[in-house]
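These notes are about the structure you will find just below.
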Amino acid sequence: PYARSKKIMFVILAAVATLLLVVWVYKNSTNPWGLPQTGFKWPKVGQLISVGKEGGLGSYVRKYSKRYGQIFVTPMWDDNVVVLCGQANVNAFLAHEKKGHVLSWYPPNFKNLLGYTYERDAHRHLAMRKQISPPLNRSYLESMGIFKCMDSIFNSGLESGVLDSAWIRNAGFQIAWNVNIGPYAPELQKEAEEAYSNFSAAFRTSPYSKEYKLASKSSAIVGRIVHQVINDYPEAVTQKNEHTLMPVLQDLVIEDIKARGHEITPESMLQGLGSTTMALLFATHDGMVRTLNGIIYAFALHPEILARCREECESLGTPKTASDLDKSDYINRFVKELLRMYGADGAFRKITSPYQFNEKITFPAGTKFFMFAGGEHSEVPNHEVCDPDRKDVYSWVPFGVGIHHCPGRHFALLEIKYFLHQLFAKFDVSVVVGSNPHYDNNSAIDCHLHVTPKQQSVA
């Protein structure tokens, strides 16, 4: 028995030693370029991967860039991805991107949830951005009736006087839905809204989590509804509704089909509109929800910001055109600061031709990158503090960078600014703060706004 126990103990110790050796080799392994290689610790279920607090991709990159420097390799979603930090590295990569040798690439969890593969090269994307940017200026957005859409949202759902994360998520969906395909099929809005709430809430969780599986099912429902609308309502393809973004999407899809050398057919248009609408639906909703929750959280921590926003709105009156919003000085700076804190952390790219990084390193075609452009946002002093009076000089890139940067930035800025102006024009606003206010998972937690219609307060 003693000999047997000794043998078992030896086997156990050998197994432990082997496991430790494997872990050590993995942590200290090198890649073909001799760059530092890290592991990737998946965030806890429900935490964000790309933005947010501890466990987010942004905080992960900041943490490891301090340890490994401005460039390192890390496994993300079963791929080895080269992470570029620092303005010099990002600018050098953007110079390569301008030559048209780069694809805009999303990881598997993005592609699975959106229901299509998103890879477009720089030149083709630039052509489409030139197509889409002029219509998405302020005049076009005014003609779309964005103001009326937001006004109708403010006029409902606030009977309880509570403006919180739940209200913002609902309002964000209504706007995203109504400027995309909502006017073609209003009877499908409720079903789409219920599915989308699950889809959006779990979008950035680990693909191995229960929330992600729920999001995948919800995404399929939203995708089915989007394609149902486009298939059942041919006017979405053949007629241009001036109160939606569909005319812009049609131009974008046509440009993309031509660039790929394919024939423009009803089938190719339907497929292109379906996938593009899914992407735009998410982008329109996600950016607004993230930033408007940041407004609640900023007001909770800094009552003086609320007071100054109220004062400026009351002095300027209700904006009637998009140009009126430019007259706001403090609010414009406040919005810029919000987007510094809650904007995009970076962008995923894949090169289609060799990229010479320096004299020693040349990355082959097919290498995947994550440009941590948002790192500039966190390198300013007291970067976790919302300070609209900030004088620090930094690169402001909340809508991405380079040829692939967001073509809908005008729309996003208009939404956020108009939200603030209408908030103070229609309501008396105060903040309700709990014992532990914080910002997590795109939501302001344990704090909300209490709003009272001004006509009632006067009475």
Worksheet item: Under the side-chain contact (heavy atoms from CB on, under 4.5 Å) criterion, do Val432 and Leu449 qualify, and how do the steps go?
Response: CA-CA 6 Å; Val432 179; Leu449 302 182; over 6 Å; no

Would a 4.5 Å heavy-atom cut-off, applied to side chains only, mark [X] and [Y] as touching?
| X | Y | answer |
| --- | --- | --- |
| Leu84 | Phe370 | no |
| Gln70 | Phe372 | no |
| Phe93 | Met371 | yes |
| Val83 | Ile71 | no |
| Cys309 | Phe299 | yes |
| Gln422 | Leu420 | no |
| Ile305 | Tyr330 | yes |
| His302 | Val385 | yes |

Provide the closest heavy-atom pair for [X] versus [Y] in the form atom of the first, atom of the second, distance.
| X | Y | value |
| --- | --- | --- |
| Leu338 | Ala298 | CD2-CB, 4.5 Å |
| His421 | Leu316 | CE1-CD1, 4.2 Å |
| Leu325 | Asn332 | O-OD1, 3.6 Å |
| Val451 | Leu423 | CG1-CD1, 4.1 Å |

Worksheet item: Between His448 and Ser165, does any side-chain donor sit less than 3.5 Å from a side-chain acceptor?
Response: no

Any donor-acceptor pair under 3.5 Å linking the side chain of [X] with the backbone of [Y]?
| X | Y | answer |
| --- | --- | --- |
| Arg340 | His383 | yes |
| Asp446 | Ser435 | yes |
| Glu312 | Ser328 | no |
| Arg310 | Val429 | yes |
| Arg290 | Ser443 | no |
| Glu337 | Asp387 | yes |

Worksheet item: Which residue pairs pass the ring pair (Phe, Tyr, Trp, His ring centres under 6.0 Å) test with at least one member in residues 307-328, sequence neighbours excluded?
Response: none

Worksheet entry | Partners passing side-chain hydrogen bond (donor to acceptor under 3.5 Å, both in side chains) against Asp389 (at least two apart in sequence or in another chain) | Arg308, Arg333

Worksheet entry | The single option from Ile416, Asn293, Ile175 passing side chain to side chain contact (heavy atoms under 4.5 Å, CB included) against Met288 | Ile175

Worksheet item: Under the ring pair (Phe, Tyr, Trp, His ring centres under 6.0 Å) criterion, do Phe424 and Phe419 qualify, and how do the steps go?
Response: CA-CA 9 Å; Phe424 291 108; Phe419 170 86; 9.0 Å; no

Worksheet item: Can you tell me how far the OG atom of Ser430 sits from the CG atom of Leu163, to the nearest 0.5 Å?
Response: 11.0 Å

Fill in: Heavy atoms of other groups near Asn436 CG, more than 12 under 6.0 Å
yes

Practice prompt. Report the C-alpha separation of Leu301 and Val433 in whole Å, then their side-chain angles, then the decisive distance to 0.1 Å, and conclude whether the side-chain contact (heavy atoms from CB on, under 4.5 Å) test is met.
Written response: CA-CA 9 Å; Leu301 297 187; Val433 183; over 6 Å; no

Item to complete: Walk me through it: do His450 and Val431 pass the test side-chain contact (heavy atoms from CB on, under 4.5 Å)?
Response: CA-CA 6 Å; His450 181 74; Val431 184; over 6 Å; no

Practice prompt. Could I get the full list of ring pair (Phe, Tyr, Trp, His ring centres under 6.0 Å) partners for Phe72, not counting sequence neighbours?
Written response: none

Discussion item. Go through it in stages, so that I can follow the logic: the residues are Val335 and Leu413, the test is side-chain contact (heavy atoms from CB on, under 4.5 Å), and I'd like the CA-CA distance, side-chain angles, deciding distance and then a yes or no.
Written reply: CA-CA 8 Å; Val335 170; Leu413 289 170; 4.0 Å; yes

Worksheet item: Are Lys454 and Glu314 close enough for a salt bridge, meaning some N to O gap below 4.0 Å?
Response: yes

